[in-house]
Visitor: 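Below is the structure I would like to discuss, written out as structure tokens.
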Amino acid sequence: TLTKGFQAAANRFSGKAEITEANIDEALRDVRVSLLEADVQFQVVKTFLQRVKEKTLGEVVRLKADTSGKKIAVTPGDHFIKACYDELCALMGPVDTSLVYPRGGPAIIMMIGLQGSGKTTTTGKLASKLKKEGKRPLLVAADIYRPAAIDQLQKLGQRAGVPVFAKPGTAPPDLCAQALKEARGYQADVLIFDTAGRLAIDDELMAELESIIQLTNPHNIFLVCDAMIGQDAVKTAAGFKSRIPLTGTILTKLDGDARGGAALSIKEVTGVPIKFVGMGESMDRLDEFRPEGLASRILG
Amino acid sequence: IFGKPELDAKVLDELEEVLYTADVGVKTVERLLDVVRDRLNKKELNNAQAVQDAIKEEMERMLEFEARPISWDSAKPYVIMVVGVNGVGKTTTIGKLASKLREEGKTVVLGAGDTFRAAAVEQLKIWGERAGCEVHAMAEGADPAAVSFDAVKAGVEKKADVVICDTAGRLHTKTPLMEELRKVHRVMGKAHEGAPHEVWLVLDATNGQNAVQQARQFNEMLNLTGIVLTKLDGTAKGGVILQICNELKAPIRYIGIGESKEDLQEFHPREFIDALFS
Ligand SMILES: Nc1nc2c(ncn2[C@@H]2O[C@H](COP(=O)(O)OP(=O)(O)OP(=O)(O)O)[C@@H](O)[C@H]2O)c(=O)[nH]1
Ligand SMILES: Nc1nc2c(ncn2[C@@H]2O[C@H](COP(=O)(O)OP(=O)(O)OP(=O)(O)O)[C@@H](O)[C@H]2O)c(=O)[nH]1
Ligand SMILES: [Mg+2]
Ligand SMILES: [Mg+2]
């Protein structure tokens with residue numbers, strides 16, 4: 001199923017044998033509307049349309065063979081939509097859902113992002129997933145500000161059957177450094193730092209993240225983003241990226257009906273892979289990221 | 001120099017980008033630019049500033065509608081139900097509002113209606129301590145309708161001025177969870193005639209066009225009486241509320257501009273509109 005924007009675009013080519021300057025601009029305008037409604041950022045849309053235009057202009061659509069070897073015609077409209085879909089997949093891929101594990105000592109995963117984006121919940125989900133894979137995670141309650149944040153992580157740790165390292169009142173950088181020192185006592189091979197939500201424009205809190213990184217050298221630093229995020233995705237992703245060496249991003253709350261166009265913006269701006277997607281509130285709702293799924297969703 | 005088509009187009013292109021990146025949304029951007037193009041054709045606007053002012057006037061028009069004001073003294077207790085999707089700032093907003101009302105000398109009771117999420121009750125209890133008001137709660141997993149009933153009943157018995165009920169975050173696409181809210185709403189009315197007097201949807205300013213769907217679905221389920229727009233202290237502009245308020249005729253009761261108890265302000269349309277362009 002296509003959103004009416006993409007359907008309108010496909011219809012621009014009906015009865016046409018090829019994709020020309022004349023008919024493509026109208027189709028691109030329809031796609032533009034659809035992408036903006038899907039929350040793809042304004043400038044990212046411009047770049048995307050330019051790429052699709054370059055790839056499809058002048059394509060004379062010939063007969064193609066279907067899977068049984070029978071020749072079938074592919075219309076310019078179908079071809080155009082397929083080009084959009086392929087370009088979306090290409091931009092959001094390649095698939096890399098790997099975690100970095102160092103040769104010696106525990107792997108460190110650091111979760112960062114805006115307030116309410118789903119960091120704490122995703123920390124619990126990652127812990128459950130890693131435990132199922134035979135790892136021994138230790139969760140670190142590095143949000144010392146939000147009321148009952150430590151409580152929340154401890155409850156999730158209990159549910160996942162995973163220990164939680166917490167020292168209320170200790171500054172997050174020292175706390176994380178201490179957790180790393182004490183990891184052996186827990187026989188932990190993975191540490192996950194759950195940090196407080198913050199704005200990328202908050203200099204003091206960004207400096208706190210830099211301090212945690214300087215003291216512990218995390219191997220995995222994930223920007224956790226709410227899939228419903230709008231045009232601000234670019235400002236926020238750029239803001240975090242400018243000060244933090246991100247290794248991946250995680251998109252949460254994709255179990256709703258947000259089109260998730262921000263994924264394109266976030267991938268474009270951060271240049272790092274989207275690793276996982278959150279598909280619900282319970283601990284088993286974390287999937288590995290697949291561009292095809294999100295591409296179809298953005299197309300509508 | 002105005003009235004030249006290329007210059008008009010350039011000014012409109014720049015304004016279009018400003019509007020889109022403020023999350024104003026396709027339908028509203030086209031409406032605003034149509035108004036401007038119409039006035040340009042009539043030679044009513046002769047410089048870039050006039051064009052921007054014309055857009056701002058149209059935005060103010062979109063936010064002008066008959067909105068029932070909060071009438072705190074019209075019921076005792078005045079009961080507010082707070083709803084919204086996950087993580088938007090419902091619990092924090094309730095904490096801020098409770099603090100504000102307490103400073104005005106009002107007695108407030110809070111209902112810990114999120115019986116689902118880990119440490120949700122503990123979070124609201126800390127806010128209750130900060131504000132100096134009692135929090136009614138039950139064990140985790142309890143029926144949210146029972147907790148809300150209990151909180152409203154307590155407000156009635158204590159002759160409190162205001163009762164504010166928190167609810168668990170939920171995506172508007174989850175029908176059983178939306179039905180649960182309707183039940184909570186109905187049960188609150190059983191504890192006190194007319195309750196809840198206010199149903200507020202909390203929207204996160206960083207959300208994009210999905211906020212329109214959120215607003216429509218929550219409104220359909222509960223008949224919203226107001227909106228609280230949070231996280232305006234960030235870089236997101238929240239322009240999506242132009243369409244939402246215009247469509248639902250729901251006023252913005254407060255805006256959230258931070259995580260501390262003082263960070264709740266009244267909504268000023270003109271200030272909000274000016275900020276979309278800054
Ligand atoms: N439906 C759904 N809800 C989610 C998902 N991930 C997180 N949530 C919910 O989103 C809300 C916020 O999640 P948290 O984990 O507290 O977010 P956070 O980023 O740690 O928040 P702060 O620490 O305050 O910045 C909670 O109600 C979670 O249950 C998801 O994938 N789907
Ligand atoms: N910067 C900023 N952060 C806010 C604002 N309002 C809330 N927050 C933060 O957003 C995060 C989520 O707030 P909550 O009050 O837990 O949100 P909620 O809607 O109750 O979340 P759930 O109950 O899990 O659905 C917390 O870290 C808050 O401190 C605001 O106006 N500005
Ligand atoms: Mg958290
Ligand atoms: Mg809450």
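The model shown is predicted, which means the values in this text are computed figures rather than measured ones. In the text below, chain A, chain B and the rest are named by the order of the sequence lines, each starting its count at 1.
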Visitor: When heavy-atom pairs shorter than 4.5 Å are enumerated against chain A, which of B:Ala118, B:Gly95, B:Gly234 gives the highest number?
Guide: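 Greatest number of close heavy-atom pairs with chain A: B:Ala118.
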Visitor: Does anything in residues 12-19 of chain B get under 4.5 Å of chain A by heavy atoms, and if so which residues?
Guide: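 Counting heavy atoms that sit under 4.5 Å from chain A, the residues of residues 12-19 of chain B involved are B:Glu16, B:Glu17.
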Visitor: With a 4.5 angstrom heavy-atom cut-off, could you sort out which part of A:Gln154 is near chain B: side chain, backbone, both or neither?
Guide: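 Neither; nothing under 4.5 Å.
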Visitor: Quick one: do A:Glu281 and B:Arg170 satisfy side chain to side chain contact (heavy atoms under 4.5 Å, CB included)? Show the steps, please.
Guide: CA-CA 9 Å; A:Glu281 295 192 70; B:Arg170 69 206 63 217; 5.6 Å; no
Visitor: Do we see a donor-acceptor contact under 3.5 Å between the side chains of B:Thr173 and A:Asp257?
Guide: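 B:Thr173 vs A:Asp257: no donor-acceptor pair found between side chains.
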Visitor: With rounding to the nearest 0.5 angstrom, report the OG1 to NZ distance, B:Thr21 to A:Lys235.
Guide: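 Nearest 0.5 Å value for the OG1-NZ distance: 5.5 Å.
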Visitor: Quick one: closest heavy-atom pair of A:Ile201 and B:Asp233, and the distance?
Guide: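 The answer is CD1-O, 3.8 Å.
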Visitor: Name the residue from A:Leu114, A:Asp226, A:Leu199 that meets the side-chain contact (heavy atoms from CB on, under 4.5 Å) definition with B:Thr206.
Guide: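 Filter result, single survivor: A:Leu114.
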Visitor: For B:Phe267, what residues pass the ring pair (Phe, Tyr, Trp, His ring centres under 6.0 Å) criterion, not counting sequence neighbours?
Guide: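 For B:Phe267 the ring pair (Phe, Tyr, Trp, His ring centres under 6.0 Å) partners, ignoring immediate neighbours, are B:Phe272.
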Visitor: Using non-hydrogen atoms and a 4.5 Å limit, figure out which bit of A:Asp255 sits close to chain B: side chain, backbone, both or neither.
Guide: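 Contact with chain B involves both backbone and side-chain atoms of A:Asp255.
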Visitor: Less than 4.5 Å to any heavy atom of chain A: does that hold for the side chain of B:Val85, its backbone, both, or neither?
Guide: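 Just its side chain gets close to chain A.
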Visitor: Identify the two heavy atoms, one from A:Ala148 and one from B:Ile126, that lie closest to each other, and give their separation to 0.1 Å.
Guide: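 Taking every non-hydrogen atom into account, N-CD1, 3.5 Å.
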Visitor: Does any backbone or side-chain atom of B:Gln217 lie under 4.5 Å from a heavy atom of chain A? Answer side chain, backbone, both or neither.
Guide: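 For B:Gln217, neither part sits under 4.5 Å from chain A.
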Visitor: Using the side-chain contact (heavy atoms from CB on, under 4.5 Å) rule, pick out the option among B:Asp204, B:Leu171, B:Val88, B:Asn86 that qualifies with A:Met228.
Guide: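 Running side-chain contact (heavy atoms from CB on, under 4.5 Å) over B:Asp204, B:Leu171, B:Val88, B:Asn86 with A:Met228 returns exactly one hit, B:Leu171.
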Visitor: Taking heavy atoms only and a threshold strictly under 4.5 Å, list by residue number the residues of residues 28-41 of chain A that touch chain B; give 'none' if the list is empty.
Guide: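 Listed by number: A:Arg32, A:Val33, A:Leu36, A:Glu37, A:Asp39, A:Gln41.
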Visitor: Flag the one option from B:Gln213, B:Glu30, B:His172, B:Lys237 with the top tally of heavy-atom pairs under 4.5 Å to chain A.
Guide: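 Most pairs with chain A among the choices: B:His172.
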Visitor: Walk me through it: do A:Gln152 and B:Glu122 pass the test side chain to side chain contact (heavy atoms under 4.5 Å, CB included)?
Guide: CA-CA 9 Å; A:Gln152 183 186 7; B:Glu122 287 78 352; over 6 Å; no
Visitor: Checking an interface table here. Which of residues 128-138 of chain B come within a heavy-atom distance under 4.5 Å of chain A?
Guide: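 Within residues 128-138 of chain B, the residues under 4.5 Å from chain A are B:Arg130.
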Visitor: Side chain, backbone, both or neither: which part of B:Lys174 has a heavy atom under 4.5 Å from chain A?
Guide: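 Looking at B:Lys174, just its side chain touches chain A.
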Visitor: Does this structure show an ion pair linking A:Arg146 with B:Glu259, if we count only N-O contacts that are shorter than 4.0 Å?
Guide: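 No, this pair does not count.
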